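Take a look at the structure set out below.
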Amino acid sequence: MIAGLYIDGNSVLHRAQAGPKILAMVALGTGVFMVPDWPVVSLVLASVIALYRLSGFGWRVIIAQIRPMAWLLAIFFAVQLWLNDWQAGLLVITRIAAIVMFASLITLTTKTSDMLASLERALRPLKPLGVNPEKVSLAISMVLRFIPVIATVASEIRDAQRARGLDRSILAMIVPLIIRTLKMADDVADAIEARSFD
């Protein structure tokens with residue numbers, strides 16, 4: 001299973017409009033960075049996990065969203081532990097986990113076509129200002145889709161480097177991740193150009 005890809009369902013979140021869900025993600029992403037206490041952010045993360053259960057997803061799906069970013073969270077925690085303290089480390093990783101988990105939940109319960117249509121409607125008033133709603137909505141929806149996909153790629157790279165005995169080298173994981181991410185972006189750009197998207 002690839003984390004963050006749409007799974008058909010009939011839950012309240014599946015039936016909800018894409019627009020409010022995207023606004024909720026923006027609000028959550030902004031809100032967790034305004035909260036200075038890790039216990040409060042942990043409650044937000046627990047609420048996001050509860051939303052997975054309410055949306056009909058089992059623990060297998062939830063773990064599939066967490067597993068790819070586990071090593072990255074461990075690195076962030078270790079850095080904060082070294083620079084500050086364990087509470088700062090928990091604050092950082094709970095913030096990131098809450099945002100990524102909620103973004104994954106949005107992509108699991110929202111079709112790409114619905115997301116694009118909702119974003120285009122929201123951006124249409126800006127068209128007289130020179131904004132292309134189709135391009136902007138495509139870019140935003142792709143960012144939402146790529147968050148869990150990149151996390152999965154990072155997990156694959158980590159497993160491959162561990163097999164080579166390079167799991168302790170940050171460069172051995174970061175460099176291939178950057179290269180594969182750029183390659184994916186290039187492939188997507190080629191696909192868009194081939195379809196004459198303007």
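The model shown is predicted, which means the values in this text are computed figures rather than measured ones. Hydrogens, waters and symmetry mates are skipped; everything else that's a heavy atom, side chains included, is used.
The ring-ring contact (aromatic ring centres under 6.0 Å, His included) contacts involving residues 9-37 comprise H14-F57, where partners must be two or more places apart or lie in separate chains.
For I66, the side-chain contact (heavy atoms from CB on, under 4.5 Å) partners two or more places apart in sequence, or in a different chain, are I62, M101. D8 is linked by a side-chain hydrogen bond (donor to acceptor under 3.5 Å, both in side chains) to Y6, counting only residues two or more places apart in sequence or in another chain.
Here the closest heavy-atom approach between residue A97 and residue M69 is recorded as CA-CE, 3.9 Å.
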Which side-chain N or O atoms in residues 35-50 pair as donor and acceptor under 3.5 Å with protein atoms at least two apart or in another chain?
residue, atom, partner, partner atom, Å
S42, OG, W38, O, 2.8
S47, OG, L43, O, 2.8

Can you give me every donor-acceptor pair (side chain of residues 82-93, partner residue at least two apart or in another chain, under 3.5 Å) with its distance?
residue, atom, partner, partner atom, Å
N84, ND2, Q80, OE1, 2.8
D85, OD1, Q87, N, 3.2
D85, OD1, A88, N, 2.8

Side-chain polar contacts of residues 23-31 - donor-acceptor pairs under 3.5 angstrom, sequence neighbours left out - could you list them?
residue, atom, partner, partner atom, Å
T30, OG1, V26, O, 2.9

Might you work through the side-chain contact (heavy atoms from CB on, under 4.5 Å) test for I96 and L73, ending with a clear yes or no? CA-CA 8 Å; I96 295 171; L73 295 177; 3.8 Å; yes
Would you check, one step at a time, whether the test side-chain contact (heavy atoms from CB on, under 4.5 Å) holds for S55 with L105? CA-CA 9 Å; S55 299; L105 181 60; 4.2 Å; yes
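Atom CZ of residue R53 and atom CG of residue L51 lie 12.0 Å apart, to the nearest 0.5 angstrom.
Residues V79 and I99 share a single hydrophobic cluster, defined by chaining ILVMFWY side chains whose heavy atoms lie under 4.5 Å apart.
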